[in-house]
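Structure record follows, encoded as structure tokens.
We count residues from 1, following the sequence as given.
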Amino acid sequence: MPAPGAVPTSGPLPAAGGPGPASAAPGPLLTGGPVGRGPLEPWPDTVRWQPISSDLIWVELIRLAIVVAIGLAVTAIGWALSGHWLFGLALAVVLVLGAWRAVAIVRAVRAWGYAERDDDLLVRHGLLVRRLSIVPYSRMQFVDVSAGPLERLFDLATVQLHTAAAASDARVPGLRPAEASRLRDRLTALGEDRAEGL
């Protein structure tokens, strides 16, 4: 008869000196893909990632500098008019956040990449939160190319993909105009071919 408080077992007890349940070898992992691959690593390994232009770093740094300059100006004016120490603290916070964001921009731009496969386009980006978007050509409704003033200054453009579901839209920034036009035309042609084949 088991002692009070003991948990009954449905199988035989382990042999003396043998491994107990806590030290038993783990069972096989059930995965939907090849063993040892993460969800952000597409299969097969032959995916050829294309980086975006590093000039996008300068575009983003200039945008950041404008925002930080406005923040510093407003905080400095408030500090000069009131003399309250909180404005001095806010000034330091703006500088620290600006420096942190500048470092993050450099790493984030280098994390961008895209790959063209036979049936879909892969886009990866993100620094703290990594994201991999897979856009089937057959789901694309239209593709457009945009370039703001700063992007035009550095000879860059962004390709935006629009799909049936707005949540699955993807974009590829930091492309040279020639590459952006080539990618736009190829994606449009492939989208039309796949849609006709449905």
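- Counting only heavy atoms from C-beta outward, the side chains of Leu72 and Val74 never approach each other to under 4.5 Å.
- Atom CG of Leu190 is separated from atom CG of Asp119 by 9.0 Å, given to the nearest 0.5 angstrom.
- Residues Ile66 and Val93 do not share a hydrophobic cluster, clusters being chains of Ile/Leu/Val/Met/Phe/Trp/Tyr side chains in contact below 4.5 Å.
- Looking at heavy atoms from C-beta onward, Val135 lies out of side-chain contact with Asp120 at the 4.5 angstrom threshold.
- Taken together through direct or relayed side-chain contacts under 4.5 Å among Ile, Leu, Val, Met, Phe, Trp and Tyr, Ile70 and Trp79 form part of one hydrophobic cluster.
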For this session: Evaluate side-chain contact (heavy atoms from CB on, under 4.5 Å) for Phe87 paired with Leu91, printing each intermediate quantity in order.
Result: CA-CA 6 Å; Phe87 283 101; Leu91 198 67; over 6 Å; no
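- Across Ile105 and Glu60, no two heavy atoms sit closer than the pair CG2-CB, 3.5 Å.
- Atom CZ of residue Arg184 and atom CG of residue Leu161 lie 12.5 Å apart, to the nearest 0.5 angstrom.
- Pro177 places none of its side-chain heavy atoms less than 4.5 Å from the side chain of Glu179.
- Side-chain contact between Thr158 and Val172: absent, with no pair of heavy atoms (C-beta onward) separated by less than 4.5 Å.
- Within the 4.5 Å cutoff, no side-chain heavy atoms of Leu97 are placed close to those of Arg101.
- One finds the CZ atom of Arg171 at 11.0 Å from the OG atom of Ser133 (value rounded to the nearest 0.5 Å).
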For this session: Please lay out, stage by stage, how Arg130 and Arg124 fare under the test side-chain contact (heavy atoms from CB on, under 4.5 Å).
Result: CA-CA 7 Å; Arg130 301 286 295 167; Arg124 67 178 181 184; 4.1 Å; yes
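- A pairwise comparison of heavy atoms in Val123 and Ala170 identifies CG2-CB, 4.3 Å as the closest pair.
- Ion pairing between Arg176 and Asp55 holds under the 4.0 Å rule for side-chain N and carboxylate O.
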Problem set entry | Evaluation steps, side-chain contact (heavy atoms from CB on, under 4.5 Å), between Asp118 and Tyr137 | CA-CA 9 Å; Asp118 292 339; Tyr137 298 136; over 6 Å; no
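- Contact of the Trp112 side chain with the Pro173 side chain is registered, since non-hydrogen atoms from C-beta on lie closer than 4.5 Å.
- More than 12 heavy atoms of other residues, nucleotides or ligands sit less than 6.0 Å from atom CZ of Arg63.
- Residues Thr75 and Ala90 approach most closely at CG2-CB, 3.7 Å, considering heavy atoms.
- One finds the CG atom of Leu122 at 13.5 Å from the CZ atom of Arg48 (value rounded to the nearest 0.5 Å).
- With rounding to the nearest 0.5 angstrom, the CG atom of Leu175 is 9.5 Å from the CD atom of Glu151.
- Grouping the Ile, Leu, Val, Met, Phe, Trp and Tyr side chains by contacts below 4.5 angstrom, directly or via other members, places Leu86 apart from Leu95.
- Thr188 contributes atom OG1, which lies 9.5 Å from atom CG of Asp144 (distance to the nearest 0.5 angstrom).
- By the 4.0 Å N-to-carboxylate-O rule, Glu116 lies close enough to Arg182 to be salt-bridged with it.
- Side-chain atoms of Tyr114 and Val159, non-hydrogen and from C-beta on, never get closer than 4.5 Å to each other.
- In this structure a side-chain-to-backbone donor-acceptor pair under 3.5 Å is present from Arg152 to Ala147.
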For this session: Evaluate the criterion side-chain contact (heavy atoms from CB on, under 4.5 Å) for residue pair Arg117 and Ile134; output intermediate values, then yes/no.
Result: CA-CA 10 Å; Arg117 298 198 297 188; Ile134 303 176; 4.2 Å; yes
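- Both Leu156 and Ile62 sit in one connected hydrophobic cluster of ILVMFWY residues. Membership requires side-chain heavy atoms under 4.5 Å apart, directly or through other members.
- Both Leu56 and Leu153 are assigned to one and the same hydrophobic cluster, defined by single-linkage of ILVMFWY side chains at heavy-atom distances under 4.5 Å.
- Within the 4.5 Å cutoff, no side-chain heavy atoms of Met140 are placed close to those of His162.
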